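Scroll down for the structure; my scribbles are underneath it.
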Amino acid sequence: MFVEYCVGLSGLVASGLFIYGLKAMSSPVTAVAGIVAAGYGMLFVVAATFLNLFNITPEARPNLLVNVGLGVVALLLGSLWAGWRGRTVQMTSMPQMVAIFNGMGGGSAAALAAVELLGNHDIPLLPLSVTVIGALIGCISLSGSLIAWAKLDGRIRKPFRFSGQRAFNAALFAATVVLAVLTVMRYATPSAELPRDLFFGAALLLGVCMTLPIGGADMPVLISLYNAFTGLAVGLEGYIMNDPALMIAGMVVGSSGTLLTALMAKAMNRSLTNVLFSNFGETGGSSKGPEGEMTAADPADAATTMRYGASVIIVPGYGLAVAQAQQKLYEFVKILVAAGVDVKFAIHPVAGRMPGHMNVLLAEAGVPYDMIYDMEDINDSFATTDAALIIGANDVVNPEALTDKASPIYGMPILNAYKAHQVFVIKRGSGTGYSGVENPLFFQKNCTMVFGDAQAVLSKMVEAVKALGST
Amino acid sequence: MFVEYCVGLSGLVASGLFIYGLKAMSSPVTAVAGIVAAGYGMLFVVAATFLNLFNITPEARPNLLVNVGLGVVALLLGSLWAGWRGRTVQMTSMPQMVAIFNGMGGGSAAALAAVELLGNHDIPLLPLSVTVIGALIGCISLSGSLIAWAKLDGRIRKPFRFSGQRAFNAALFAATVVLAVLTVMRYATPSAELPRDLFFGAALLLGVCMTLPIGGADMPVLISLYNAFTGLAVGLEGYIMNDPALMIAGMVVGSSGTLLTALMAKAMNRSLTNVLFSNFGETGGSSKGPEGEMTAADPADAATTMRYGASVIIVPGYGLAVAQAQQKLYEFVKILVAAGVDVKFAIHPVAGRMPGHMNVLLAEAGVPYDMIYDMEDINDSFATTDAALIIGANDVVNPEALTDKASPIYGMPILNAYKAHQVFVIKRGSGTGYSGVENPLFFQKNCTMVFGDAQAVLSKMVEAVKALGST
Amino acid sequence: MMASVTSMTFVIALYIFMLAAFTGYVVISRVPSILHTPLMSGSNFIHGIIVIGALNALFNATSIAEQAIGFVGVFLGAGNVMGGYVVTDRMLAMFRPSQKAEPARPEQEKPGQEKQGQP
Amino acid sequence: MMASVTSMTFVIALYIFMLAAFTGYVVISRVPSILHTPLMSGSNFIHGIIVIGALNALFNATSIAEQAIGFVGVFLGAGNVMGGYVVTDRMLAMFRPSQKAEPARPEQEKPGQEKQGQP
Ligand SMILES: NC(=O)c1ccc[n+]([C@@H]2O[C@H](COP(=O)([O-])OP(=O)(O)OC[C@H]3O[C@@H](n4cnc5c(N)ncnc54)[C@H](OP(=O)(O)O)[C@@H]3O)[C@@H](O)[C@H]2O)c1
Ligand SMILES: NC(=O)c1ccc[n+]([C@@H]2O[C@H](COP(=O)([O-])OP(=O)(O)OC[C@H]3O[C@@H](n4cnc5c(N)ncnc54)[C@H](OP(=O)(O)O)[C@@H]3O)[C@@H](O)[C@H]2O)c1
């Protein structure tokens with residue numbers, strides 16, 4: 001009894017700390033303290049779980065030592081591997097890393113369900129159903145997250161599509177549900193194992209098939225969705241384990257993750273169904289528009305113009321992240337600032353491929369806060385600025401979003417870079433952005449293209465301005 | 001079983017609606033929908049409670065009809081009386097009305113506990129203790145709220161104090177706790193009833209004695225505190241009734257009420273201990289300062305000056321509520337506006353005696369939103385305004401708060417009415433406000449006093465400007 | 001004493017209390033001070049749910065004393081519910097922007113709107 | 001299978017789910033979009049608590065199959081916990097205003113501050 005109380009109360013403390021931590025994470029000022037508090041909660045509750053060793057079932061007692069050994073080894077292996085990966089991963093690969101860790105959680109929930117379904121415990125109908133539902137969601141989250149990881153990491157480059165895919169997925173889903181029902185009724189059937197094993201296989205396959213057709217650019221939204229899925233699975237498995245801490249932590253994540261997914265989709269001007277079923281992220285990704293009127297310049301000329309300008313606003317986009325050029329960019333900016341140029345960064349809320357992507361990147365490069373401006377705060381300044389330097393951004397500066405009702409991005413607020421006296425654009429060629437639409441800004445009179453990889457171009461720019469000296 | 005499920009789920013729905021309702025109440029736009037949703041939740045859960053009639057204990061079955069009859073009569077009587085009182089009460093009497101309703105809730109929780117303790121149910125130690133603690137808190141809330149009501153309603157005019165009162169209260173509290181412990185141990189003692197009855201008596205007395213010494217002006221904070229108390233009592237009694245809906249609703253109110261109390265105290269520049277133990281609200285309430293330099297004028301003169309001014313800012317305060325003069329005030333304002341005067345209302349966050357007091361009053365009189373300004377928004381405008389009209393406000397325009405470090409209200413932000421070209425003050429005499437400090441503004445050169453009850457003075461002003469015609 | 005489908009252990013009760021307390025805290029923490037009074041009476045209304053506890057006690061009353069106290073409990077609880085509701089509703093009705101048909105400064109009426117902040 | 005002090009009925013479980021879901025909703029509803037990524041990884045970390053469920057299952061394993069699956073479950077869960085924590089911590093560290101020793105625009109860093117609104 002005493003042990004049970006300790007374990008139960010440790011879960012209470014931990015779930016309280018989790019909620020506190022999540023709440024604290026709603027502001028950058030308190031966020032660090034929040035995650036640390038949640039971390040202590042986790043440490044505490046995991047440690048307390050070992051008290052359950054005084055309480056294991058009689059049948060498991062002979063295996064005690066082996067089981068504990070396995071548990072400790074698994075804990076160490078899992079946390080060391082993930083800790084090492086997490087420490088060393090590059091900031092630009094963050095989304096796929098989160099995808100893996102999330103998939104692991106879903107897998108853990110599915111494994112837990114599998115253990116429950118393995119032993120012929122006499123589980124009543126209701127908990128049994130909950131177990132199976134949790135397993136289904138956990139499996140989808142596991143295999144789906146792995147596909148999302150592979151896509152973001154460039155292991156799967158093309159979305160995998162065939163005609164009738166949607167019908168196939170629907171049929172697969174139906175089959176999985178049927179297998180789930182059969183699994184629940186397994187006590188009534190003579191051969192219990194087959195439907196159960198098939199069920200797990202089908203659920204994993206479902207996650208794969210659901211994720212394959214969705215474009216890589218939509219993956220952040222999907223990862224957030226699978227995050228909510230894992231939370232839900234954890235909550236449901238918590239119920240069958242009679243562990244309210246699992247239920248609470250899982251459900252809190254399930255609901256907050258769902259909301260977060262919706263908020264992300266909204267910030268991208270999309271709906272969730274649109275993300276899941278319309279494959280918008282890939283259509284026309286390679287369409288080329290009229291190129292005739294683009295003016296090109298070489299990096300040194302552009303850099304010199306900016307060096308002798310009075311003010312420059314920098315608009316970073318996804319291309320900056322791809323080129324990993326944030327350090328070089330800041331180096332360039334520091335030289336401009338030293339030369340007396342007034343430099344500001346303008347960040348669009350959905351620049352890049354994940355929310356806050358550019359803020360994270362620039363923060364990593366060491367750009368101070370007070371140089372970074374939100375869209376609302378800076379949009380009026382473009383008209384009075386000498387030069388706007390657009391680096392690997394496209395959709396977020398597309399004036400068509402303001403004017404062309406037929407455009408797929410119509411209605412999205414943009415950064416008014418087109419109003420600047422002179423606009424420089426660094427990009428590799430005439431590739432379109434995420435939405436696949438042409439950007440008329442690039443054909444404007446006051447716009448000069450500087451073609452090349454952002455990292456390479458910026459290196460040349462740095463050299464050029466350095467060569468000018470600081471006079 | 002079916003009935004039990006229905007009742008259990010009705011509680012689930014109701015507590016969800018309560019939480020939704022409270023959340024919606026955090027913005028004026030959604031608040032009405034929120035309280036309506038919570039109302040439906042309550043209706044639903046009360047109706048579902050009657051399903052428990054299929055489930056009563058065998059011993060109670062012979063009394064079924066009588067009990068149901070009593071229940072229905074009590075429900076009707078209680079809700080009709082309270083509904084009638086709630087509909088007809090004047091807005092200015094709102095705080096004391098809330099106090100009564102809150103006390104009723106506390107009393108209901110205490111009564112529930114009493115019924116539990118009456119029957120010799122074999123309650124285990126833990127629930128028994130929870131019952132008694134809930135009873136204690138409920139009783140304090142009941143009798144304390146009644147005293148608060150009596151004070152606010154003018155039935156008890158003077159705070160009741162004697163030397164050694166604090167020691168007496170401490171002793172009473174100790175005695176109550178001892179009686180509570182005896183009650184919990186009643187199964188061990190031969191005579192069970194005596195300590196229990198004494199306990200209830202002592203708890204009720206404690207509520208009275210705690211509240212008596214606190215000044216009437218501090219009552220709103222105290223009512224909010226007792227509101228949290230009742231919530232806590234309800235939550236605890238919910239535990240012994242095995243009713244999670246009660247637990248949730250009670251605890252939500254318990255915690256939100258505590259926070260609300262702290263926020264209120266903070267808005268008044270006080271701490272909660274300060275409110276409970278220092279009696280600040282009454283000290284020096286009748287001290288008279290130097291009167292020599294006050295300039296007085298009669299209502300007609302003051303009104304005429306304003307009528308021919310270009311701009312007037314009106315600062316309402318507690319005295320407006322006392323005089324119930326909000327309608328007259330708006331009548332006066334409408335005439336000024338018709339005559340082309342630019343009139344604005346400036347509202348201090350703690351003007352009046354409850355938070356948002358002035359907003360409620362002016363809204364009641366029909367003053368449109370766009371004439372009402374927050375302190376931050378209007379404070380810079382006083383310097384460029386022809387006349388400030390202060391009606392029954394005192395502390396909130398006291399410039400001492402800005403300059404005099406020794407003043408008890410030092411540090412409170414004020415409305416800068418003293419900067420206006422000309423200041424008119426409507427009050428009955430030279431009485432001080434809530435904090436009991438003299439207001440140097442009234443002795444300023446540019447300040448003219450218009451003595452009299454606000455309602456009477458404003459009536460005269462209305463007559464005076466009407467007589468001038470609208471030219 | 002009541003429905004066994006809602007019976008729970010003490011530890012589970014603590015979890016529920018924790019969650020409820022936290023919920024109350026978050027829900028209220030951003031209320032503007034102009035709404036403090038309606039909020040107070042609104043939460044006052046909500047703890048009126050004690051009336052269903054009192055009703056259950058009265059339904060199971062076996063002695064005159066229990067009936068009497070139960071009756072008082074239900075009466076008080078019903079008063080809390082109805083009074084709290086009516087008073088809150090009346091106050092909130094005054095805050096309705098439509099009342100004066102002047103929907104002025106609507107953006108100020110959503111004090112808690114999400115705002116994209118700078119890190 | 002686990003401690004009886006935390007056993008609960010289905011209805012009680014629904015109450016807990018409801019409260020937890022609501023809590024998650026309120027807690028997140030005002031997060032600025034710049035924090036969406038750390039928040040995602042932070043909540044990812046939190047559902048890593050599944051590792052204690054997997055640990056309990058492993059501790060009670062009686063067959064090789066149960067031990068194997070339990071081992072995998074604990075491994076995955078531990079990875080979720082540690083990975084989620086490390087990644088979140090790293091990202092949030094970048095948002096620390098002290099990093100660049102330029103505590104500029106601190107008022108923008110509290111996007112959700114209570115604001116006295118006009119009714
Ligand atoms: N932030 C989010 O949460 C999120 C999530 C998912 C999707 N989205 C969407 O992503 C878009 C973001 O807009 P954005 O303006 O940042 O990016 P974008 O519109 O996707 O444009 C990126 C541009 O960068 C260029 N580029 C690629 N690699 C480069 C390199 N190595 N060096 C230089 N340039 C390079 C590309 O042109 P070239 O090929 O010619 O070089 C491309 O036009 C929006 O449509 C948004 O809705 C946002
Ligand atoms: N809002 C809240 O939540 C709250 C709650 C509790 C306490 N408080 C405190 O209450 C104070 C509020 O300041 P306040 O400026 O509104 O009021 P105040 O400082 O209390 O002053 C009220 C003034 O009204 C005058 N008055 C009274 N009855 C009148 C009548 N019938 N006709 C005309 N005048 C009348 C009084 O002077 P005469 O006697 O000379 O007429 C008195 O000086 C602050 O100190 C605040 O901290 C606020």
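Computed from heavy atoms alone, side chains included, the values below leave out hydrogens, waters and symmetry copies. Just so we're clear, the structure is a prediction, and the values are computed from it rather than from any experiment. Just so it is clear: chains get the letters A, B, ... in the order the sequence lines come, proteins before strands, and each one is counted from 1.
The two atoms that bring C/V74 and B/A74 nearest to each other are CG1-CB, 3.6 Å, heavy atoms only. Minimum interatomic distance between C/A20 and B/M251 (heavy atoms only, all atoms of both residues): CB-CB, 3.6 Å. Of all heavy-atom pairs between C/L76 and B/S108, the closest is CD1-N, 3.8 Å. Counting all heavy atoms, side chain and backbone alike, C/G73 lies closest to B/A111 at CA-CB, 3.6 Å. When all heavy atoms of C/S43 and B/N227 are compared, the closest pair comes out as OG-ND2, 3.0 Å. Minimum interatomic distance between C/A57 and B/V115 (heavy atoms only, all atoms of both residues): CB-CG1, 4.0 Å.
When each of B/G39, B/G107, B/S79 is checked for heavy-atom pairs under 4.5 Å with chain C, B/S79 comes out on top. Heavy-atom pairs under 4.5 Å with chain C peak, among B/L80, B/L126, B/I19, B/L76, at B/L126. Comparing C/Q67, C/H47, C/M82 by heavy-atom pairs within less than 4.5 Å of chain B, the highest count is held by C/H47. Contacts with chain C were tallied for B/G250, B/P244, B/A31, B/A48; B/P244 has the most, counting heavy-atom pairs under 4.5 Å. Comparing C/I50, C/V86, C/N80 by heavy-atom pairs within less than 4.5 Å of chain B, the highest count is held by C/I50. Each of C/V72, C/L19, C/I52 has some count of heavy-atom pairs under 4.5 Å with chain B, and the biggest count is that of C/I52. Between chain B and the options C/V26, C/T23, C/L39, heavy-atom pairs under 4.5 Å are most frequent for C/L39. In terms of heavy-atom pairs under 4.5 Å with chain C, the best-connected choice from B/M94, B/R61, B/M358, B/K23 is B/M94. Chain C forms more heavy-atom pairs under 4.5 Å with one residue of B/T258, B/N102, B/I223 than with any other, namely B/N102. Ranked by heavy-atom pairs under 4.5 Å with chain C, the list B/V68, B/L77, B/L260 is led by B/L260.
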Using side chain to side chain contact (heavy atoms under 4.5 Å, CB included), reason through C/F75 and B/M104 one step at a time and then give a plain yes or no. CA-CA 8 Å; C/F75 171 81; B/M104 291 177 88; 4.0 Å; yes
Can C/V27 and B/V252 be said to form a side chain to side chain contact (heavy atoms under 4.5 Å, CB included), step by step? CA-CA 9 Å; C/V27 158; B/V252 165; over 6 Å; no
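Both the backbone and the side chain of B/A245 come within contact range of chain C, with heavy atoms under 4.5 Å apart. Both the backbone and the side chain of C/I46 come within contact range of chain B, each with at least one heavy atom under 4.5 Å from a heavy atom of that chain. Proximity to chain B (any heavy atom under 4.5 Å) is restricted, for C/V81, to the side chain, taken from C-beta onward. Within the 4.5 angstrom heavy-atom criterion, atoms from both the backbone and the side chain of B/M25 approach chain C. Of the atoms belonging to B/M247, heavy atoms from both backbone and side chain fall under 4.5 Å from chain C. Using a 4.5 Å cut-off between heavy atoms, B/T88 contacts chain C through its backbone alone, with no side-chain atom that close. Using a 4.5 Å cut-off between heavy atoms, B/I56 touches chain C through backbone and side chain atoms alike. Within the 4.5 angstrom heavy-atom criterion, atoms from both the backbone and the side chain of B/V36 approach chain C. In this structure, the portions of B/V89 lying under 4.5 Å from any heavy atom of chain C include both its backbone and its side chain. Contacts of B/L259 with chain C are made by side-chain atoms alone, with heavy-atom separations under 4.5 Å and no backbone atom involved.
Side-chain atoms of B/S255 come within 3.5 Å of backbone atoms of C/Y25 as a donor-acceptor pair (strictly under, hydrogens ignored). Between the B/R85 side chain and the C/G83 main chain, no donor and acceptor come within less than 3.5 Å of each other. Between the side chain of B/N67 and the backbone N or O of C/L58, at least one donor-acceptor pair lies under 3.5 Å. Side chain of C/D89 to backbone of B/I35: no donor-acceptor contact under 3.5 angstrom is found. Listed for the C/T6 side chain is a donor-acceptor partner under 3.5 Å among the backbone atoms of B/N242. Between the side chain of C/N56 and the backbone N or O of B/M241, no donor-acceptor pair lies under 3.5 Å. Checked by atom type and distance alone, the side chain of C/R90 pairs as donor or acceptor with a backbone atom of B/R87 at under 3.5 Å.
Annotation: side chain of C/I49 is not in contact with side chain of B/V46 (no heavy-atom distance under 4.5 Å).
Between B/Y239 and C/F10, the ring planes lie perpendicular to each other; the angle is over 60°, past the 30° to 60° tilted range.
Atom CZ of B/F200 and atom CD1 of C/I69 lie 7.5 Å apart (nearest 0.5 Å). Atom CE of B/M264 sits about 8.0 Å away from atom NE2 of C/H36, to the nearest 0.5 Å. The CG atom of B/D243 sits 7.5 Å away from the CE atom of C/M8 when rounded to the nearest 0.5 Å. From B/N52, atom CG reaches atom CG of C/N60 across 8.0 Å, with rounding to the nearest 0.5 Å. Rounded to the nearest 0.5 angstrom, C/L55 CG and B/L112 CG are separated by 10.5 Å. Taken to the nearest 0.5 Å, the CZ atom of C/F59 stands 7.5 Å off from the OG1 atom of B/T49.
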